[in-house]
Number of protein chains: 2
Amino acid sequence: MECPALPPGWKKEEVIRKSGLSAGKSDVYYFSPSGKKFRSKPQLARYLGNTVDLNSFDFRTGKMMPSKLQKNKQRLRNDPLNQNKLFWEKRLQGLCASDVTEQIIRSMELPKGLQGVGPGNNDNTLLSAIASALHTSSAPITGQLSAAVEKNPAVWLNTSQPLCKAFIVTDEDIRKQEERVQQVRKKLEDALMADMLAHAAESANNTDVDMDSGDDESAPE
Amino acid sequence: MECPALPPGWKKEEVIRKSGLSAGKSDVYYFSPSGKKFRSKPQLARYLGNTVDLNSFDFRTGKMMPSKLQKNKQRLRNDPLNQNKLFWEKRLQGLCASDVTEQIIRSMELPKGLQGVGPGNNDNTLLSAIASALHTSSAPITGQLSAAVEKNPAVWLNTSQPLCKAFIVTDEDIRKQEERVQQVRKKLEDALMADMLAHAAESANNTDVDMDSGDDESAPE
DNA sequence: CGGAGTGATTTA
DNA sequence: TAAATCACTCCG
């Protein structure tokens, strides 16, 4: 009855159907440490949230089945949603911010709380992985919550999350970041205003600007 | 929802899949007059048995498709089962019962209720067709139930049934036939008994019968 | 335990 | 590969 694939204290039960069209078939139930009964994998997943990755969890046997993961991946390889995801990870790789002088802004360093997981990870892939995850999903981004992913990524990897260790974003983190964004926006506003004024002054002297570009249908962005 | 290709009272329904990997695909269901749901052509065929010929029935559209029949026939022409069937129809053609005097017994006339269908049919082919059907299948033999087979055999012919109109065998028919069989068996018994007695009387006068056939392993049947 | 809805497997 | 069939999940 104890279920080794779930956290300690979880119990599993199997009940055989005795009659009817489905006689001989069975139903599988799980019980949380507190005694709550679960009748399906979705119900279990809703309750456990991101504390346990159930992607490879087989509800009927109660075991982690790497084969399940394989099948999911095979199907998803040609899946439009997944292709979109891979597209964005590629699209975002190698990008960095720069100012008008073409100098790279070095302030893209990630907080120390964000750490990659798995082979060949570095800050560059980490950033694009997280940005991609934020871009392609409306679900919360938590990172890989299971510590087991370090030992056996093939089984424990939660493919709906980027390849980084689980992290916590505190209210203090959010406040600080909002402050930084406000400051940068103010700088941008000042720069745009100065640029506009400069152009205005210039065109005041030059009213006969070219009109060739009037029908090329290009729109400002 | 009403399905003209099936007997009256049968309903058809098409349901689009709303989610999952197969979203957008559809499933077709049929409902018997009593409300039982059918989810595939084999399931439908098992239930209808020989009352309706589904060879040319297209499950998805709910219509009879002569094109389907062509493919079936091509396949069945080389099919071992079908060859076996044709073999027996050929094997039984031209046979008739006779008594020891080699006189043909004319009592093989078929009941008036049995009528052939299609071009070039006569009582001889009819008898062998029915005998063949009984011999090669354990399923009930009903004849061609659809009246449409007269007009367009190419579409409506039920190839699992002999080429005769649908017929009903009543309890009275069965009782009469049993009586006839009993009478004929009694005649046969009398004849065999008389034959045996004649032989016994003969061998009582001749005790030195040949013993050569003692080890030829032939068994009486 | 039933059954609609969907995944998984087989067939064409 | 896609369609058809079968099997299973999951919730009432």
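Given the structure is predicted, the values throughout are model-derived calculations rather than measurements. In what follows, chains are A, B, ... by sequence order, proteins preceding strands, each numbered from 1.
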Test: B:R39 and B:D27 ion pair at under 4.0 Å: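 Between B:D27 and B:R39 there is no salt bridge, as every charged N stays at least 4.0 Å from the carboxylate O atoms.
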Electrostatic pair B:R175-B:E179, nearest N-O below 4.0 angstrom: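 A salt bridge is present here (some side-chain N lies under 4.0 Å from a carboxylate O).
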Qualifying residues under salt bridge (Lys or Arg N to Asp or Glu O under 4.0 Å), relative to A:K186, sequence neighbours excluded: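 A:K186 satisfies salt bridge (Lys or Arg N to Asp or Glu O under 4.0 Å) with A:D190 once adjacent residues are dropped.
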Within the side chain of [X], is there an N or O that forms a donor-acceptor pair under 3.5 Å with the backbone of [Y]?
X: A:R46; Y: A:K41; value: no
X: B:Q182; Y: B:E178; value: no
X: A:S22; Y: A:K25; value: no

[X] [atom1] to [N] [atom2]: how many Å, rounded?
X: B:K25; N: D:dA4; atom1: NZ; atom2: C1'; value: 11 Å
X: A:L21; N: D:dC8; atom1: CG; atom2: P; value: 15 Å
X: B:F38; N: C:dA4; atom1: CZ; atom2: C1'; value: 17 Å
X: B:R39; N: C:dG3; atom1: CZ; atom2: P; value: 11 Å
X: A:D27; N: D:dC11; atom1: CG; atom2: P; value: 13 Å
X: B:Q43; N: D:dC6; atom1: CD; atom2: P; value: 8 Å
X: A:Y30; N: D:dC11; atom1: OH; atom2: P; value: 15 Å
X: B:M65; N: C:dA12; atom1: CE; atom2: P; value: 18 Å

Side chain of B:F59 (C-beta onward), nearest among D:dC10, C:dG7, D:dT5: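 Ranking D:dC10, C:dG7, D:dT5 by closest atom to the B:F59 side chain puts D:dT5 first.
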Aromatic plane relationship, A:W10 with A:F38 - under 30° parallel, 30 to 60° tilted, over 60° perpendicular: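 It falls in the tilted class, 30° to 60°.
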Within less than 4.0 Å of OP1 or OP2 of [N], is there a side-chain N or O belonging to [X]?
X: A:S19; N: C:dC1; value: yes
X: A:S40; N: D:dC11; value: yes
X: A:S22; N: C:dG2; value: yes
X: B:K37; N: C:dG3; value: no
X: A:K41; N: D:dC10; value: no
X: B:R60; N: D:dA4; value: yes

Helix axis bend for the helix from C:dC1-D:dG12 to C:dA12-D:dT1 - C1'-based end axes, five pairs, 10° rounding: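 About 10°, once rounded to a multiple of 10°.
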